[in-house]
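Structure record follows, encoded as structure tokens.
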Amino acid sequence: MPLEITPAAPADDALYALYELDEAVDRGADLPLFTRPAHLAYHRHPPPAQEVRYGLARLDGELVGYTTLLFPQRDNLRTVEVGTVAVHPEHRRRGIGRALADFAVAEARRRGRSTLIGASARALPGGPARDPAGGAFARALGATCAQTEVRRRLDLTAAPDAAPAAAATRATTAPDSTAPDGLAPDGAIADGAAPDGARGGARAGSAGYSLVRWALRAPADCVDDVAYLDGRLLVDAPLGDLAWEPQRLDAARVRANEHRLAAALRRPYNVAARHDATGRLVAWTQILCADNADGHAWQQITIVDPAHRGHGLGLLVKVANLRYARAHEPGLRVVDTFNAAENGHMIAINERMGYRPLDAWENWQRTLD
Ligand SMILES: CC(C)(COP(=O)(O)OP(=O)(O)OC[C@H]1O[C@@H](n2cnc3c(N)ncnc32)[C@H](O)[C@@H]1OP(=O)(O)O)[C@@H](O)C(=O)NCCC(=O)NCCS
């Protein structure tokens with residue numbers, strides 16, 4: 001039987017087989033492989049406002065590779081994100097990757113998309129080895145590197161506290177507004193709990209701001225501000241030459257994303273800073289946990305509204321959130337985060353917290369004629 005590339009949607013049973021394939025693909029030994037339930041739940045519950053399609057490559061009926069394509073539905077209507085192109089190591093250099101890329105291009109054209117964006121890892125001097133295949137493959141397909149990000153890791157086993165004392169004493173926590181969290185997957189985050197005992201405290205450096213935290217579901221009076229701050233991310237973060245446009249976010253989409261994270265068995269932890277004078281959230285950060293054998297989590301979003309920069313809020317919310325997550329995730333060992341290589345302010349905060357470079361991730365972009 002020749003090579004076959006067939007489309008699949010997130011609900012298809014065929015996606016069960018991706019777990020075995022992902023186990024075999026070199027993700028970089030230090031990237032987490034989620035437990036099977038977490039893996040399947042993630043594939044079955046894609047992000048809101050995205051159409052997700054898979055291309056499955058079968059050789060003699062055996063699944064040997066796949067690609068994941070995300071088509072934004074509310075913004076970035078000319079772009080497709082290539083979430084994955086992966087080929088089983090025993091079947092490489094036989095044109096399967098190229099066939100998956102052809103599938104991606106055909107799906108993009110069918111939907112009127114002209115820009116494809118995807119990423120691959122590259123080793124950094126002194127860092128762990130990385131297979132150069134991804135970059136070579138992207139280049140061979142005519143993509144160019146539009147931006148480089150660096151993945152940094154905070155090793156909590158090496159730096160057990162991982163919170164600079166200066167930042168810790170700045171923290172002041174408002175009456176905890178952790179929502180009565182109907183969506184919490186395991187109820188682990190008690191309503192109103194203050195896991196780090198951080199209520200009150202010195203206000204130096206953060207006078208006029210209070211911390212708010214929640215797990216899955218943002219408090220009702222925060223959700224519009226979360227949408228605003230989330231929407232700023234693709235405006236404010238350095239994007240290099242990447243053709244991403246700002247996302248269109250509103251409260252409904254924030255809620256839809258919360259539902260999706262719960263369904264996908266992800267456990268988010270959020271801390272925001274509220275500007276006392278206006279009552280608005282002006283800084284926000286998120287850590288995302290999911291079951292894996294490595295005690296691994298992702299430090300995701302961190303954003304400070306431009307009018308409130310220079311007050312140490314970025315570091316403040318990140319340190320508070322790390323404590324919040326650790327208090328509820330006793331198995332947490334390492335936290336990874338991505339930053340654009342040119343994002344000096346964010347990198348300085350991360351380095352201060354103990355994050356150290358691990359590898360580089362090149363964001364590849366290909367524009368169709
Ligand atoms: C990258 C990957 C998908 C390539 O799959 P593949 O089936 O081996 O790709 P193909 O055989 O279609 O290769 C297409 C071209 O890419 C280039 N290429 C692929 N792997 C390469 C390697 N290891 N070294 C140098 N060039 C390479 C070559 O130009 C190749 O053409 P050629 O074989 O005629 O010389 C596969 O190595 C993989 O799954 N890697 C891990 C995940 C990853 O990095 N994904 C890519 C993200 S951009």
Side-chain angles (χ1 to χ4, degrees), residues 1-8 14-15 17-34 39 42-43 52-71 79-108 113-124 127-151 239-244 296 336 338 340-341 358-368:
M1 197 193 292
L3 176 69
E4 241 193 345
I5 311 282
T6 51
L15 298 189
L18 294 185
Y19 191 73
E20 279 73 27
L21 187 67
D22 276 349
E23 273 185 318
V25 169
D26 165 35
R27 296 157 288 114
D30 54 4
L31 272 170
L33 186 66
F34 297 107
H39 175 95
Y42 180 82
H43 280 295
V52 181
R53 301 296 292 174
Y54 292 79
L56 305 179
R58 287 195 184 82
L59 197 58
D60 297 327
E62 182 195 350
L63 189 70
V64 291
Y66 76 103
T67 184
T68 317
L69 308 173
L70 293 97
F71 299 91
T79 305
V80 50
E81 183 180 352
V82 181
T84 317
V85 189
V87 174
H88 192 288
E90 286 169 16
H91 297 277
R92 290 186 186 168
R93 299 306 291 270
R94 293 182 208 166
I96 297 171
R98 215 182 268 278
L100 286 166
D102 289 347
F103 171 85
V105 168
E107 292 287 306
R113 311 281 166 136
S114 54
T115 304
L116 292 90
I117 296 177
S120 68
R122 170 166 61 74
L124 286 176
R130 288 287 173 261
D131 186 345
F137 171 72
R139 248 180 243 107
L141 291 165
T144 53
C145 178
Q147 189 199 35
T148 301
E149 294 183 87
V150 173
R151 178 166 62 121
L239 286 174
D241 294 327
L242 288 170
W244 288 118
H296 181 284
D336 284 2
F338 283 106
L358 204 56
D359 50 19
W361 286 72
E362 290 170 321
N363 286 310
W364 300 97
Q365 185 162 278
R366 179 176 169 194
T367 305
L368 304 178

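Numbering of ligands and ligand atoms starts at 1, following listing order. Side chains included, hydrogens not; waters and symmetry mates left out as well; all remaining heavy atoms used.
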Is there a polar contact, in the sense of an N or O pair closer than 3.5 Å, between [X] and ligand 1?
X	value
R93	yes
D131	no
A119	no
A140	no
S120	no
A138	no
A136	no
W364	no

Using a 3.5 Å distance criterion without hydrogens, assess whether the side chain of [X] forms a donor-acceptor pair with backbone atoms of [Y].
X	Y	value
E362	G135	no
T67	T84	yes
E107	R53	no
R58	L63	no

Judged by modelled atom types alone, do W364 and S120 share a side-chain donor-acceptor pair under 3.5 Å?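 Yes, a side-chain donor-acceptor pair sits under 3.5 Å.
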Is there a donor-acceptor contact under 3.5 Å linking the side chains of W361 and D359? yes
Subset of ligand 1 atoms that lie under 4.0 Å from at least one heavy atom of [X]:
X	value
I96	7 (O), 12 (O)
R94	11 (O)
A86	39 (O)

Heavy-atom proximity to atom 11 (O) of ligand 1 ranks first, among A143, G95, G97, for G95
Should we say atom OH of Y42 is surrounded by more than 12 heavy atoms from elsewhere, each under 6.0 Å from it? no
Please tell me if the side chains of V87 and R94 come closer than 4.5 Å, counting only heavy atoms from C-beta onward. no
Compare all side-chain heavy atoms of D22 with those of F34 and state whether any distance is below 4.5 angstrom.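 SC-SC contact between D22 and F34 ruled out.
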Applying a strict 4.0 Å limit to heavy atoms, is G118 in contact with ligand 1? no
